[in-house]
Participant: 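Got a structure for you, written out below as structure tokens; questions coming shortly.
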Amino acid sequence: MAKKLLLGNEAVARGLFEAGCTVVSSYPGTPSTEITEFAATYDEMTSEWAPNEKVACEVALGAAIAGARSFCGMKHVGLNVAADPLFTASYTGVNGGMMLAVADDPGMHSSQNEQDSRHYAEASKIMMLEPADSAECLAYTKLAFSLSEQFDTPVILRLTTRVAHSRSLAELADRENVPLKEYKKNPQKYVMMPAYAIPKHVTVEQRILDQIAYCETSPLNTVEYYDKKIGVITAGNCYNYAKEALGENASYLKLGCVYPLPEKLIRDFAAQCETLYVIEELDPYIENHCKMLGLTVHGKDVFTLQGEYSQRLVASAILGEEKEFDTLTVSIPGRPPVLCAGCPHRGLFYALKQEGVTVSGDIGCYTLGSLPPLGAMDTCICMGASVSALHGRNKANPENAKKSVAVIGDSTFIHSGITGLIDIAYNNSASTVIILDNSITGMTGHQQNPTTGKNIKGDPATAVDIVALAHAVGIERVTVVDPYNLKETRDAIHTELAADEPSLIISRRPCALLKYVKHNPPLKVDPDKCRGCTMCMKIGCPAISMTDGKASIDFTQCVGCGVCTQMCKFGAIEE
Amino acid sequence: MNTISVMIVGVGGQGTLLASRLLGNAVISEGYDVKVSEVHGMSQRGGSVITYVRYGEKVASPIIEKGEADLIIAFEQLEAARYLPYLKKGGKIIVNTQKIDPMPVVTGTAAYPDGVIDELKTKADVIALDALSLAVEAGSSKAVNVVLMGVAARHMEFKKEVWETVIAETVPPKFKEMNLKAFALGYAQED
């Protein structure tokens, strides 16, 4: 079949299709999201957005035990959430094949930390493959299912941003029709209580030994001998950087399987080469393995632990080569990401700034509310932490409850904010939680979630009633406001902060980028009325700028939300 | 042939991803190996965005580093200035003269520099044009990306028909005519 230019994530989805996978359950997270979005375009697979990664992983494991080939995908921090089922799935093993994809984000293009997921493979004793381009994304995904069934284990596919979000050519094939395997009741295999888990641990350790033997000769691990003065041991996209920088001036051991790692293969390669370099982004994972084997290798002594690598970095570290380039003398202001023009979060954050409160923040587009000029966020840790950390803050000093709030998006609230809200009600703090309900999972590029009333395909689905949910867990004070209305929003925050019991404010307005949202015509500034006071600049709207001492509005960006109109005391902003 | 490296830079929301897909599809229809690297997620929200397109007989790395780009297509002046260091000595920059104030300029903590295009011209082979006006002429301010690919097409080895086929196959049918017009307006620009 024809070769196609596929995004790495799209190639993983194609691999799922070709491997006969039938159940896909994931939670969106950059850079992993598109795997599941593309999977949903194949009618042969049931694809779903789960409320969080733990649920997704359990759905996939349940499907695999029932005999299906299954998949769940997530970003690196999602694996923290899914770690609980993962570690025991290593013991139960599977029935039908199961693959889990985790996408790391070296350089933190869209993440809160730079953790290296390879440690999870070693810690959970689960085989991990790492592709270097889209063709390998497709091939490794298919292979992962047969390895999963051969060794009776889930298999993890590790991606990095540059593999997940690069397009390269891959050859397509037909779908393999894999019938559902028979499920047989087997508590010794699937009921992990001590009596059954103790013998399973023995099985797991034997499986690792079997897999190491497999890795010694597996086609996943490849050796290319050119000049043997420099030997490079690498995996994933770092192989591409090394190849670009060093070409045939070095020899290569490319590890397609990064857990477990072979011993003899590495020793044999090392014996052939004069100077060995391990080229890997993030932690010295392969390097430490080599050192454990007693080999002398260069790694983090010449390469950084931080950020993304490149061919330039490799050429500089190994060959001492630098390329020439020009720069300008003018100073170039940075261009940080901003809340979009018409973003419903803007009005809410402005109201919070006016109230001068401490804001316990969370993960989503609204994290951008922490940047100037709004600057209305004090903490951002992980999904759901806004709500539970606010409770802790208010327990540390009950007076904090009068001047602190939590902000959390609709999807993040479903992911892991609900348990925090239950904690607030159960352990009784007078906390004020604000759900920024923009009717979509925004930052990852518009995925449906359990509050939107639609499933991954856009078909009608049961919607969580957040108001009823809050009442059901014991929060009696629930208010819904429109964040485009600054006065209504500020009044609600003021009232709920003063209340001596827990309260929930739902700031509700769909994301301005949603296709179904009808916009007003762009607004204009009447230069005769504008006094250049810059009040309208305080909301940080990218459509507003100052030209010759007067405000002006960019018609290509403005969606007529009217928040700036409410800021202007001189009535200078009009339709 | 040597690998050709093209960078497409702009502001999140300007449609750089579509531009890179058009170039990627044009390149494969001519039988080359290609790698296109994009960044999705947070930086897309009005931030500075970069896409790398590399093509040739066999492409290893999907990214472009300082001093390596043969061509930079900049959707905004400041972004052209920001990524100039990525240009190879003797490389070419196509730049849309449109200015979009970044937030530090909006909030008054930094100034938008003057004379960016003039200084760029002292460092590189620069083609500067008002792509926004041409996009509006074609029917949508959002077609800046296709206008700029029209300009770029004149400086690349693929036939005009290849691009037109790729545009027709890549954009949604209801925007096909508008985008073909935007491409033609860009392609007709004198250097």
Side-chain angles (χ1 to χ4, degrees), chain A residues 3-5 7 30-31 33-34 109-110 133 161-162 165-169 237 239-241 243-245 308 310-313 322-340 365 367-368 371-373 443-445 534 537 540-542 544-546 554-557, chain B residues 3 11-13 20-21 24-25 27-28 33-48 52 59-63 65-68 78-79 81-82 84-89 100-116 119-120 123-124 132 141-142:
Chain A
K3 278 193 174 180
K4 254 188 101 178
L5 187 58
L7 197 66
T30 312
T33 311
E34 298 82 4
H109 293 282
S110 199
D133 58 21
T161 302
R162 288 295 171 193
H165 284 169
S166 290
R167 294 173 196 275
S168 57
L169 292 169
N237 204 27
Y239 166 76
N240 295 321
Y241 299 142
K243 206 71 198 286
E244 183 85 32
E308 286 191 299
S310 67
Q311 55 270 28
R312 174 169 155 261
L313 195 102
E322 303 290 346
K323 285 221 164 69
E324 275 185 68
F325 56 85
D326 274 319
T327 50
L328 293 192
T329 56
V330 296
S331 108
I332 302 165
R335 191 184 295 278
V338 291
L339 295 173
C340 306
C365 286
T367 314
L368 296 173
L371 298 177
M443 181 57 89
T444 44
T534 71
M537 311 289 285
C541 176
I544 308 177
S545 57
M546 295 298 285
D554 174 3
F555 75 96
T556 65
Q557 292 194 66
Chain B
T3 298
V11 178
S20 67
R21 274 176 59 205
N25 287 339
V27 164
I28 55 167
D33 187 26
V34 62
K35 284 187 176 167
V36 181
S37 187
E38 313 162 348
V39 169
H40 303 212
M42 186 171 251
S43 58
Q44 275 183 293
R45 302 284 173 260
S48 172
Y52 308 111
V59 179
S61 171
I63 69 165
E65 261 284 6
K66 286 179 179 159
E68 292 182 355
L78 200 57
E79 299 314 306
R82 192 185 313 283
L84 173 71
Y86 286 77
L87 196 68
K88 189 182 272 181
K89 287 279 184 189
I100 301 174
D101 285 350
M103 198 45 66
V105 172
V106 171
T107 58
T109 56
Y112 197 106
D114 290 323
V116 167
E119 201 187 338
L120 279 175
K123 308 277 186 184
L132 179 60
S141 60
K142 293 194 188 308

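Protein chains get the first letters and strands the later ones, always in sequence-line order, with residue 1 at the start of each.
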Participant: Shortest non-hydrogen contact from A/Asn240 to B/Pro62?
Facilitator: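 In this case the closest contact between A/Asn240 and B/Pro62 is CB-CD, 4.4 Å.
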
Participant: If I compare all heavy atoms of A/Leu328 with all of B/Ala81, which pair ends up nearest, and what's the gap?
Facilitator: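 Looking at all heavy atoms of both residues, the shortest contact is CD1-CB, 3.5 Å.
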
Participant: How far does CD of A/Gln311 sit from CD of B/Glu65, to the nearest 0.5 angstrom?
Facilitator: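 Nearest 0.5 Å value for the CD-CD distance: 6.0 Å.
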
Participant: At their closest point, which heavy atom of B/Ile63 faces which heavy atom of A/Ser310, and how far apart are they?
Facilitator: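 Between these two residues, the closest heavy atoms are CD1-CB, 3.5 Å.
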
Participant: For B/Ile28, is it the side chain, the backbone, both or neither that has a heavy atom under 4.5 Å from a heavy atom of chain A?
Facilitator: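 For B/Ile28, side-chain heavy atoms alone lie under 4.5 Å from chain A.
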
Participant: Decide yes or no on side-chain contact (heavy atoms from CB on, under 4.5 Å) for A/Met537 and B/Val106, but give the supporting numbers first.
Facilitator: CA-CA 7 Å; A/Met537 311 289 285; B/Val106 171; 3.6 Å; yes

Participant: Take B/Lys89 and A/Asp326, measure what side-chain contact (heavy atoms from CB on, under 4.5 Å) needs, and give me the verdict at the end.
Facilitator: CA-CA 8 Å; B/Lys89 287 279 184 189; A/Asp326 274 319; 3.3 Å; yes

Participant: Less than 4.5 Å apart, any side-chain heavy atom of B/Ser61 and any of A/Tyr239?
Facilitator: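 B/Ser61 does not reach A/Tyr239 side chain to side chain.
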
Participant: Ignoring hydrogens, what is the shortest heavy-atom contact between B/Leu87 and A/Phe325? Give both atom names and the distance.
Facilitator: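 Smallest heavy-atom distance, with atoms named: O-CB, 4.4 Å.
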
Participant: What are the two closest heavy atoms between A/Leu7 and B/Glu38, and how far apart are they?
Facilitator: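 A/Leu7 and B/Glu38 have their closest heavy atoms at CD1-OE1, 3.8 Å.
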
Participant: Could you walk me through whether B/Lys35 and A/Asp133 pass the side-chain contact (heavy atoms from CB on, under 4.5 Å) check?
Facilitator: CA-CA 9 Å; B/Lys35 284 187 176 167; A/Asp133 58 21; 4.2 Å; yes

Participant: Just verifying a value: how many Å separate A/Asp554 CG and B/Ser141 OG, rounded to the nearest 0.5 Å?
Facilitator: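 A/Asp554 atom CG to B/Ser141 atom OG measures 8.5 Å (nearest 0.5 Å).
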
Participant: Output, in order, the C-alpha distance, side-chain angles, deciding distance and verdict of side-chain contact (heavy atoms from CB on, under 4.5 Å) for A/Arg162 and B/Tyr52.
Facilitator: CA-CA 11 Å; A/Arg162 288 295 171 193; B/Tyr52 308 111; 3.6 Å; yes

Participant: Let me know if B/Val105 has heavy atoms under 4.5 Å from chain A in its side chain, its backbone, both or neither.
Facilitator: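 Just the side chain, heavy atoms under 4.5 Å.
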
Participant: Grab the two heavy atoms, one from A/Ser545 and one from B/Asp101, that are nearest each other, plus how far apart they are.
Facilitator: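 Scanning both residues completely, I find the closest heavy atoms to be CB-OD2, 3.3 Å.
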
Participant: Is A/Thr534 in contact with chain B via its backbone, its side chain, both, or neither, using a 4.5 Å heavy-atom distance?
Facilitator: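 Contact with chain B: none, neither part.
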
Participant: For a 4.5 angstrom cut-off between non-hydrogen side-chain atoms, does A/Arg335 reach B/Ile100?
Facilitator: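 A/Arg335 reaches B/Ile100 side chain to side chain.
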
Participant: Out of A/Ala245, A/Pro31, A/Cys340, A/Pro336, return the one with the most heavy atom pairs under 4.5 angstrom to chain B.
Facilitator: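 Most pairs with chain B among the choices: A/Pro336.
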
Participant: Please determine, among A/Lys323, A/Glu308, A/Lys243, the option with the most heavy-atom pairs under 4.5 Å with chain B.
Facilitator: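 Of the options given, most contacts go to A/Lys323.
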
Participant: Excluding sequence neighbours, so at least two apart, what forms side chain to side chain donor-acceptor pair (under 3.5 Å) with A/Lys3?
Facilitator: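 By the side chain to side chain donor-acceptor pair (under 3.5 Å) rule, A/Lys3 matches no residue at all.
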
Participant: For chain A, which of B/Arg82, B/Lys123, B/Glu79 has the most heavy-atom pairs under 4.5 Å?
Facilitator: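 The option with the most such pairs is B/Arg82.
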
Participant: Which pairs would a plain distance check flag for residues 109-116 of chain B, meaning a side-chain donor or acceptor within less than 3.5 Å of a matching protein atom at least two apart in sequence or in another chain?
Facilitator:
{"from": "B/Thr109", "atom 1": "OG1", "to": "B/Pro104", "atom 2": "O", "distance (Å)": "3.1"}
{"from": "B/Tyr112", "atom 1": "OH", "to": "B/Glu76", "atom 2": "OE2", "distance (Å)": "2.8"}
{"from": "B/Tyr112", "atom 1": "OH", "to": "B/Leu78", "atom 2": "N", "distance (Å)": "3.2"}

Participant: Mind checking the CG-NZ spacing from B/Asn25 to A/Lys4? Nearest 0.5 Å is all I need.
Facilitator: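 Separation between the atoms: 9.0 Å.
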
Participant: Quick check on the interface: out of B/Gly67, B/Ser20, B/Gly24, who has the most heavy-atom pairs with chain A under 4.5 Å?
Facilitator: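 Winner by heavy-atom pair count: B/Gly67.
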
Participant: Can you find a heavy atom in the side chain of A/Pro373 that is under 4.5 Å from one in the side chain of B/Met103?
Facilitator: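 Yes - at least one pair of side-chain heavy atoms lies under 4.5 Å apart.
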
